[in-house]
Amino acid sequence: MEFKEDLDSMDDRRSDVADFIDLKSLDQVTDLTSQIHNLPCCIRHDGECQVSDYFKPKKTGVVLEGLEVEEGSFRGRRLRGATVPVPDGYRGLVLERRKDMGKGKGVEASDENSSWEATAKFDNITYWNHDSFPSQNDALMRFLHWFPVADALHKPVTVEDLGCISNSLDQKL
């Protein structure tokens, strides 16, 4: 996937790019910080609804494993959750498939050549569990632990790093 901030040459490069995301106008998108929730259920509705009229989570004042517990209910079932930040150096985005610009306006982008546009951004996400307290062992928390691992794996190795490793290996022998 390729990320582009400049769309001036998009039509020229469109045939070479499988997927891309328009990040040109991130300053102008809606900020949904503290409004993104990951619920443990499937909702078969795609559209607007008055969520705030029905879903009213509250802070409990309880902190477990460094997570501030929140409580709410959905369709009569108790939910317990926590709000966690998007890892440093990353950005949370809500993406929407864009209409295909190369084949005439109003035509949906094909699966092999998709164009996406950021419609909103967020800095944290609240995830919820049924009947159990949030924990560092929850799937979302385990997923977030991979960001520092990925950063370390893809960080360029410097001459100083190699020297430190070499010195430590010499000391062990």
Side-chain angles (χ1 to χ4, degrees), residues 1-11 13-14 17-75 77-101 105-106 108-109 113-130 133-136 138-152 154-155:
M1 185 170 299
E2 182 175 324
F3 298 91
K4 296 193 324 183
E5 290 186 322
D6 181 16
L7 295 180
D8 294 337
S9 62
M10 180 178 69
D11 291 332
R13 298 185 60 196
R14 181 75 181 188
V17 177
D19 292 297
F20 73 91
I21 300 172
D22 173 12
L23 300 176
K24 184 177 179 181
S25 57
L26 283 181
D27 295 337
Q28 300 166 355
V29 299
T30 306
D31 187 357
L32 294 178
T33 296
S34 299
Q35 297 178 49
I36 301 291
H37 296 267
N38 182 7
L39 295 169
C41 61
C42 179
I43 300 171
R44 297 182 194 275
H45 176 72
D46 187 15
E48 291 188 28
C49 64
Q50 298 299 322
V51 175
S52 59
D53 289 347
Y54 303 101
F55 187 63
K56 299 178 181 185
K58 296 179 178 131
K59 303 228 183 257
T60 63
V62 176
V63 177
L64 294 172
E65 297 181 21
L67 299 170
E68 186 175 335
V69 178
E70 298 179 41
E71 207 169 61
S73 65
F74 184 73
R75 293 190 172 178
R77 290 214 45 195
R78 174 191 267 177
L79 300 173
R80 292 183 179 128
T83 300
V84 294
V86 173
D88 290 336
Y90 292 88
R91 180 177 292 181
L93 297 174
V94 176
L95 302 176
E96 188 173 289
R97 183 175 275 190
R98 204 187 246 197
K99 301 291 182 187
D100 190 5
M101 298 179 71
K105 298 191 187 270
E108 189 70 29
N113 199 7
S114 297
S115 168
W116 299 87
E117 181 177 21
T119 58
K121 60 185 176 182
F122 56 93
D123 294 330
N124 59 29
I125 183 167
T126 304
Y127 77 97
W128 298 93
N129 295 330
H130 281 300
F133 286 101
S135 155
Q136 294 292 336
D138 290 333
L140 180 71
M141 295 304 294
R142 289 193 322 256
F143 167 74
L144 293 175
H145 291 300
W146 280 100
F147 284 94
V149 173
D151 288 342
H154 296 285
K155 179 182 171 185

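Quick caveat: nothing in here was measured; it's all calculated off a predicted structure.
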Set of side-chain contact (heavy atoms from CB on, under 4.5 Å) partners for Asn38, sequence neighbours left out: Ile125, Tyr127
Sequence neighbours excluded - salt bridge (Lys or Arg N to Asp or Glu O under 4.0 Å) pairs with any residue from residues 36-55: none
Step-by-step side-chain contact (heavy atoms from CB on, under 4.5 Å) determination, Asp22 to Trp116: CA-CA 6 Å; Asp22 173 12; Trp116 299 87; over 6 Å; no
Partners meeting side-chain contact (heavy atoms from CB on, under 4.5 Å) with Tyr54 (sequence neighbours left out): none
Partners passing side chain to side chain donor-acceptor pair (under 3.5 Å) against Asp31 (at least two apart in sequence or in another chain): Thr33
Lys59: partners by salt bridge (charged side-chain N to carboxylate O under 4.0 Å, His left out), with sequence neighbours left out: Glu70
Test log, rule side-chain contact (heavy atoms from CB on, under 4.5 Å), inputs Met141 and Leu67: CA-CA 10 Å; Met141 295 304 294; Leu67 299 170; 3.9 Å; yes
Side-chain donor-acceptor contact under 3.5 Å, Arg97 with Ser115: no
Partner residues of Arg91 under the salt bridge (charged side-chain N to carboxylate O under 4.0 Å, His left out) criterion, sequence neighbours left out: none
All side chain to side chain donor-acceptor pair (under 3.5 Å) counterparts of Ser135, not counting sequence neighbours: Glu65
Set of residues satisfying side-chain contact (heavy atoms from CB on, under 4.5 Å) with respect to Leu39, sequence neighbours excluded: Cys41, Ile43, Phe55, Leu79, Trp128
Derivation of the side-chain contact (heavy atoms from CB on, under 4.5 Å) call for Val29 and Val94: CA-CA 10 Å; Val29 299; Val94 176; over 6 Å; no
Distance-minimising heavy-atom pair for Pro85 and Leu144: O-CD1, 4.4 Å
All salt bridge (charged side-chain N to carboxylate O under 4.0 Å, His left out) counterparts of Arg77, not counting sequence neighbours: Asp131
Partners passing side chain to side chain donor-acceptor pair (under 3.5 Å) against Asn129 (at least two apart in sequence or in another chain): Asp138
SB check Glu71 Arg80 (cutoff 4.0 Å): yes
Residues that Lys56 engages under side-chain contact (heavy atoms from CB on, under 4.5 Å), provided they are two or more places apart: none
Under 3.5 Å: donor-acceptor pair, side chain of Asn124, backbone of Val84: no
Asp123 and Tyr90: CA distance, side-chain angles, deciding distance, side chain to side chain donor-acceptor pair (under 3.5 Å) verdict: CA-CA 9 Å; Asp123 294 330; Tyr90 292 88; over 6 Å; no
For His145, all residues meeting side chain to side chain donor-acceptor pair (under 3.5 Å), sequence neighbours excluded: Gln136
Any donor-acceptor pair under 3.5 Å from Thr83 side chain to Thr126 backbone: no
